[in-house]
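One structure is given here, and the rest of the page talks about it.
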2 protein chains.
Amino acid sequence: MKLSTKGRYAVTAMMDLAIHDREGPVTLADISQTQGISLSYLEQLFAKLRKRGLVEGVRGPGGGYRLARMPHQITVAEIITAVDENVDVMRCHGDGNCQDGVRCLTHELWAELSNRLYEFLDGITLDQFVERPEIREIARRQDEEAKRMNFVFPRPAA
Amino acid sequence: MKLSTKGRYAVTAMMDLAIHDREGPVTLADISQTQGISLSYLEQLFAKLRKRGLVEGVRGPGGGYRLARMPHQITVAEIITAVDENVDVMRCHGDGNCQDGVRCLTHELWAELSNRLYEFLDGITLDQFVERPEIREIARRQDEEAKRMNFVFPRPAA
DNA sequence: TTTATTCTTGACTGTTTTACTTGGTTATTG
DNA sequence: CAATAACCAAGTAAAACAGTCAAGAATAAA
C-alpha cells in the first residue's frame, strides 16, 4: 500500500468521471482542464485504470471515458493500487529473501498494518463522495465555469 | 499524508525500540543489523524522530536511543509524519493558489479522505503490536540470533 | 468516404525523492 | 586517553514522479 500525489490524481479524476457519469463519456481533455492535470499524464493513469477494468474507453467523436462499474462498486483502494501497481511486497515476496527468518517478523507486522489500511480504503466507494449535496453543488459550479470558458473562447482558430 | 517504504522503515525501527525498551538504550547499529537497514539512513530517520520528540538519544558507550514516551502514547501516524515531513498541502496551501475556486473542491475532498486516514493511523499505537505474544516470541528469537552471531564473530579484529 | 475526434501506445526528459555512503564532530564511559 | 555511539553535513546512484512529444488506430459525423 502506498499513498502519493499520483494516487490522489487518479482518485480526483475518477471522482470527476463519477460526477458526470450520466451525461455520457468524459474526455481526458475535459478532466485535464477542470482538474488541472496534464493531459498526457492522465493518459498514462487511465491506461492503468483501464487495464484494471475500472474504466472503459469510447473512441471517436463524442467519446471519452466512462466508469466500467457503478460508483458504489468502485473503491478508493482499487484506484490507488491500480496506478501505483507495486503492492510493495517488501523484500521477501511472501517467501524468498528473508535469510534469517527474523526479518519476516517485522514484515508481517507491517503487512497487517497494510491490510487494515487497505480494508479501510476499500470501504470507501466513489458514490460516498459523489452523492453528497455540497459536492453536487460545486460540480454544478464547475460545469458552469467550463461552459463560460467555452463561450469566451469557443474554439481555437483554424 | 503519505505512505512509503521510508515510513515503514521508521515504524519498523520504532517497533524494535519499543520491544527492547526495558533493557536500556538501543544502538542504531543493533537495529541496522537485525532489521537490515543502513546505519546512516537510520541516523537520518532518527534525527527527525528526535526533533519530533519521539525518541531520546543517549551518547557515549552503553548509549543508544530510547522512546521518549510510553509505547501506548506513540502512534503510527506520528512516526510516519515525522519522517515524511511534508503534509503535502496540495497546490493551494489552504488558501492561495486555487484560482477558480473550483479545484478547491477536489482538494477538500481529498483532505477529508486524508484526515480519515490519519485518524485511523493515529488510533494505532506501538504497544498494540509489541504486547502481542507472537511478537514477543519472535523478538526473543531475534535476540537469540543476535547473541549467536556475536558469539561466532565476537568482535572485528583490530 | 473522407475527416475530425478521441482513445491508445511508446519513448523520452527533467525534477524530486529514496536509500545509501563518506567523513567527520561532539559527548560519555572506563 | 581511548573506545563508543550519538550527532551532523555533504554527496550520489537509482528510482519514482510529473510531464512532454509524436505517431497510430478506431469510430462517429460530415
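Letters A, B, ... are given to chains in the order of the sequence lines, protein chains preceding strands, and every chain is numbered from 1. Just so it is clear, the model here is predicted, and its values are computed rather than measured.
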Tell me the interatomic distance from [X], atom [atom1], to [N], atom [atom2], rounded to whole angstroms.
{"X": "A/Phe46", "N": "C/dT6", "atom1": "CZ", "atom2": "C1'", "result": "13 Å"}
{"X": "A/Lys6", "N": "C/dT15", "atom1": "NZ", "atom2": "C1'", "result": "15 Å"}
{"X": "B/Tyr41", "N": "D/dT12", "atom1": "OH", "atom2": "C1'", "result": "14 Å"}
{"X": "B/Ile31", "N": "C/dC20", "atom1": "CD1", "atom2": "P", "result": "15 Å"}
{"X": "A/Ile37", "N": "D/dC17", "atom1": "CD1", "atom2": "P", "result": "15 Å"}

- Item | Sidechain N-carboxylate O distance under 4.0 Å for B/Glu78, B/Arg69 |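 Salt bridge: yes.
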
Are there any protein N/O atoms within less than 3.5 Å of an N/O atom in nucleotides 25-30 of chain D, and if so, which ones and at what distance?
{"unit_1": "D/dA26", "atom_1": "O4'", "unit_2": "A/Arg59", "atom_2": "NH1", "d": "2.3"}

- Message: So, using salt bridge (Lys or Arg N to Asp or Glu O under 4.0 Å) as the criterion, who are the partners of B/Glu137 when residues are at least two apart?
- Response: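 By the salt bridge (Lys or Arg N to Asp or Glu O under 4.0 Å) rule, B/Glu137 matches B/Arg140.
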
Each nucleotide N or O in nucleotides 9-11 of chain C that has a protein N or O under 3.5 Å away: list the pair and distance.
{"unit_1": "C/dT9", "atom_1": "OP1", "unit_2": "A/Arg50", "atom_2": "NH2", "d": "3.2"}
{"unit_1": "C/dT9", "atom_1": "OP2", "unit_2": "A/Arg50", "atom_2": "NH2", "d": "3.0"}
{"unit_1": "C/dT9", "atom_1": "O4", "unit_2": "A/Glu43", "atom_2": "OE1", "d": "3.3"}

- Task: Scan A/Tyr65 against the nucleic acid and name what it touches under 4.0 Å (heavy atoms): base, sugar-phosphate only, or nothing.
- Result: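 If one applies the 4.0 Å heavy-atom cut-off, A/Tyr65 turns out to touch the sugar-phosphate alone, with no base involved.
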
- Query: Contact class for A/Leu28 vs. all strands (heavy atom < 4.0 Å): base, sugar-phosphate, or nothing?
  - Reply: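 Sugar-phosphate, backbone atoms only, no base.
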
- Message: So, OP1 or OP2 of C/dT18: does either fall under 4.0 Å of a side-chain N or O from B/Tyr9?
- Response: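 For C/dT18, neither OP1 nor OP2 has a side-chain N or O of B/Tyr9 closer than 4.0 Å.
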
